[in-house]
*Asks:* 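A single structure is presented below for examination.
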Amino acid sequence: MLKNLEDTINKRCLIALSYFSVDNKPLKQTLLAGTVKSVDKEMGITLSLFVEEKAQPNDVKKALPEFILPANLSCWFNAPKGTFTTSNAEIKIENPDFLITWDIYQTKKPKDAKEEGEQQWWEWHPRTAPPQVN
């Protein structure tokens, strides 16, 4: 069981995100994988996401995309052994350290899609029940 944010540094994680509408209807589910890069109690937990390895010239270094999770460890579970495939089917992770589960809810209905600059607001809820993995 994790007790400190700092205990997550350099851990390999599988991140399960479930998105819901204002009416609590499922919108989508996403599965990401990455390694914890940094932690901050206010800013959250920053992960460097795994990307598909493509042949690139040796002198080209591409920054890994980052994803920030809330600084809440209640939804971090020891991951089962195995090989997992993310929503982007090219990315596989073998024997991750942790499985992280969040439910993300829209807090207001999106306005007319034609309006530019309209923000969507989301509220993150940790899924604290241990996940069932088949």
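Keep in mind that this is a model prediction, so the values were computed, not measured.
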*Asks:* So do the side chains of Cys13 and Leu99 get within less than 4.5 Å of each other, counting heavy atoms only?
*Replies:* no
*Asks:* Has Thr35 got a side-chain atom pairing as donor or acceptor with Ser48's backbone, closer than 3.5 angstrom?
*Replies:* no
*Asks:* Minimum heavy-atom separation for Pro126 and Asn72, please, with both atom names.
*Replies:* CG-ND2, 3.6 Å
*Asks:* Quick check: is Leu49 connected to Ile9 through a chain of hydrophobic side chains (ILVMFWY, heavy atoms under 4.5 Å apart)?
*Replies:* yes
*Asks:* Are Ile68 and Leu73 joined in one hydrophobic group, where the rule is that I, L, V, M, F, W and Y side chains link up if heavy atoms are under 4.5 Å apart?
*Replies:* no
*Asks:* Taking only residues two or more places apart in sequence, or in another chain, which ones meet Phe77 in a ring pair (Phe, Tyr, Trp, His ring centres under 6.0 Å)?
*Replies:* none
*Asks:* Does a side-chain heavy-atom distance below 4.5 Å link Arg12 with Phe98?
*Replies:* no
*Asks:* Considering non-hydrogen atoms only, spot the tightest contact between Leu14 and Ala33 and give its length.
*Replies:* CD1-CB, 4.3 Å
*Asks:* Are any non-hydrogen side-chain atoms of Thr86 and Leu32 less than 4.5 angstrom apart?
*Replies:* no
*Asks:* Under the rule for salt bridge (charged side-chain N to carboxylate O under 4.0 Å, His left out), what residues qualify as partners of Lys11, not counting sequence neighbours?
*Replies:* none
*Asks:* Mind checking the CG-OH spacing from Leu27 to Tyr105? Nearest 0.5 Å is all I need.
*Replies:* 10.5 Å
*Asks:* Once salt bridge (charged side-chain N to carboxylate O under 4.0 Å, His left out) is applied, do any residues pair with Asp103, and if so which ones, sequence neighbours excluded?
*Replies:* Arg127
*Asks:* Do Leu69 and Phe67 touch side chain to side chain, with heavy atoms closer than 4.5 Å?
*Replies:* yes
*Asks:* With sequence neighbours left out, what residues match Glu6 under side-chain contact (heavy atoms from CB on, under 4.5 Å)?
*Replies:* Asn4, Val39
*Asks:* Please lay out, stage by stage, how Leu47 and Ile15 fare under the test side chain to side chain contact (heavy atoms under 4.5 Å, CB included).
*Replies:* CA-CA 10 Å; Leu47 294 103; Ile15 307 127; 3.8 Å; yes
*Asks:* Just verifying a value: how many Å separate Phe50 CZ and Ile91 CD1, rounded to the nearest 0.5 Å?
*Replies:* 9.0 Å
*Asks:* Would you check, one step at a time, whether the test side chain to side chain contact (heavy atoms under 4.5 Å, CB included) holds for Lys41 with Leu5?
*Replies:* CA-CA 8 Å; Lys41 287 181 183 179; Leu5 287 177; 3.7 Å; yes
*Asks:* Answer with yes or no whether the side chains of Lys92 and Thr85 bring together a donor and an acceptor at under 3.5 Å.
*Replies:* yes
*Asks:* Is there a side-chain contact between Trp102 and Thr30, using heavy atoms and a 4.5 Å cut-off?
*Replies:* no
*Asks:* How many angstroms lie between atom OG1 of Thr101 and atom CG of Leu17, to the nearest 0.5 angstrom?
*Replies:* 9.5 Å
*Asks:* Taking the side chain as everything from C-beta on, heavy atoms only, tell me whether Val36 gets closer than 4.5 Å to Ile45.
*Replies:* yes
*Asks:* Could you give the side-chain donor-acceptor pairs of residues 18-25 under 3.5 Å, partners two or more places apart or in another chain?
*Replies:*
{"residue": "Ser18", "atom": "OG", "partner": "Gln29", "partner atom": "NE2", "Å": "3.3"}
{"residue": "Ser21", "atom": "OG", "partner": "Asp23", "partner atom": "N", "Å": "3.2"}
{"residue": "Ser21", "atom": "OG", "partner": "Lys25", "partner atom": "N", "Å": "3.1"}

*Asks:* Any pair with a residue in residues 66-86 that passes salt bridge (charged side-chain N to carboxylate O under 4.0 Å, His left out), sequence neighbours left out, goes on the list, sorted by first then second residue, please.
*Replies:* Lys37-Glu66
*Asks:* Could you tell me the separation between the CH2 atom of Trp121 and the CD atom of Gln106, rounded to the nearest 0.5 Å?
*Replies:* 13.0 Å
*Asks:* To check you understand the geometry: which heavy-atom pair defines the closest contact between Pro96 and Pro80, and what is its length?
*Replies:* CD-O, 4.3 Å
